[in-house]
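The structure appears right after this line, and notes come after that.
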Amino acid sequence: MKQESAAQNTPPASPPPSPPAQHPRDHGDPQALWIFGYGSLVWRPDFAYSDSRVGFVRGYSRRFWQGDTFHRGSDKMPGRVVTLLEDHEVRAGVKRGTLGPSMEGCGQGCTWGVAYQVRGEQVSEALKYLNVREAVLGGYDTKEVTFYPQDTPDQPLKALAYVATPQNPGYLGPAPEEAIATQILACRGFSGHNLEYLLRLADFMQLCGPQAQDEHLAAIVDAVGTMLPCFCPTEQALALV
Ligand SMILES: N[C@@H](CCC(=O)N[C@@H](CS)C(=O)NCC(=O)O)C(=O)O
């Protein structure tokens, strides 16, 4: 039997630094990880997961301020998809002179979405997949957020979110909701039309119930509704096709 030297039995003078937290783990199950989706991940996670919760994050607002030249746009006509910005970043966007109706009364941001729990082998599979879909193709980075499940807001969870910061090359920043609506109506990419992206997110927010408000999203949907008749081909125009 190997004799342990005294040194091996003496605790280190200062415990070795714990390895940097790679990702927020579910303390109940160290192999589990929660991933927060607030855009296309809400309706198309496309990775295997063990559990999901509808809920929200506080202190962040969702904005269609990220350009997308792959999924919902092209290099020539980048689409607009959502990112998550801390409240001070949203207010900074306002100071740059671009106001939208949704900026009025912009207090403590609160963004609704879906958190997915991945466990065991699902963790590496999900992170590998999302790294390509979000980071490589979309310019998103990871950030730890606190997620409040709709049913148990008093039991918040640490979750990983993919956010596109103002420093990423695809970031387009603030614009009037009417301009964003025009861009969305005109763009499509490998995952489909940008309008589908907008309306699927609006559908989700409808399901969340009246307590889940997103004035920015609602203002863009309203602007699209106003403009859509101008984009719908008339019988005369169709006859020219
Ligand atoms: N990270 C956000 C936004 C993700 C997002 O919408 N990313 C886009 C652009 S990279 C995407 O994956 N699109 C796939 C699609 O449009 O179906 C989320 O958690 O949902």
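Atoms considered below: every heavy atom in the structure, side chains included; atoms not considered: hydrogens, waters and symmetry mates. For the single chain, residues carry numbers from 1 onward in sequence order. In each ligand, atom 1 is the first atom listed, and ligand 1 is the first ligand listed.
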- Query: Counting both backbone and side chain atoms, is some N or O of G37 under 3.5 Å from an N or O of ligand 1?
  - Reply: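 The answer is no, given that G37 and ligand 1 share no N or O pair closer than 3.5 Å.
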- Any N or O on L41 sitting closer than 3.5 Å to an N or O of ligand 1? yes
- Query: Is D68 near ligand 1, meaning one of its heavy atoms is under 4.0 Å from it?
  - Reply: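 For ligand 1, residue contact (heavy atoms, under 4.0 Å) with D68 is present.
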- Message: So for F70, does at least one of its heavy atoms come nearer than 4.0 angstrom to any atom of ligand 1?
- Response: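 Contact check F70 vs ligand 1: negative.
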I'd like to know if [X] pairs up with [Y] as an ion pair, taking the criterion as any Lys NZ or Arg NE/NH1/NH2 lying under 4.0 Å from an Asp or Glu carboxylate oxygen.
X: R58; Y: E86; answer: no
X: R53; Y: D151; answer: no
X: E196; Y: R72; answer: yes

List every atom of ligand 1 that sits less than 4.0 Å from any heavy atom of [X], numbering the atoms from 1 in the order shown and giving each element.
X: S191; answer: 15 (C), 16 (O), 17 (O)
X: F36; answer: 19 (O)
X: R44; answer: 14 (C), 15 (C), 17 (O)
X: G138; answer: 10 (S)

In the protein, what heavy atom is nearest to [atom], and what distance, to one decimal place, separates them?
atom: atom 1 (N) of ligand 1; value: E134 OE1, 2.8 Å
atom: atom 20 (O) of ligand 1; value: G39 N, 2.6 Å
atom: atom 5 (C) of ligand 1; value: S40 OG, 3.2 Å
atom: atom 10 (S) of ligand 1; value: H71 CD2, 3.4 Å
atom: atom 6 (O) of ligand 1; value: Y197 OH, 2.6 Å
atom: atom 16 (O) of ligand 1; value: R72 NE, 2.7 Å

- Task: Could you tell me whether Y129 atom OH has more than 12 heavy atoms of other residues or ligands within 6.0 Å of it?
- Result: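 Correct, the count exceeds 12.
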- Under 6.0 Å between ring centres, would you say that holds for Y116 and F47?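 Yes: the rings meet the under 6.0 Å criterion.
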- Near-ring test W34/Y49, centroid separation under 6.0 angstrom: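 Between Y49 and W34, the centre distance exceeds or equals 6.0 Å.
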- Yes or no on side chain to side chain contact (heavy atoms under 4.5 Å, CB included) for W112 and D214, after CA distance, side-chain angles and deciding distance? CA-CA 8 Å; W112 285 74; D214 186 326; over 6 Å; no
- Calculate, to the nearest 0.5 Å, the distance between atoms CG and OG belonging to D87 and S61 respectively.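 Between atom CG of D87 and atom OG of S61 there are 4.5 Å.
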- Message: Looking only at the side chains, is there a donor atom on one of R200 and S40 sitting less than 3.5 Å from an acceptor on the other?
- Response: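 No pair is found: no donor N or O on one side chain lies under 3.5 Å from an acceptor on the other.
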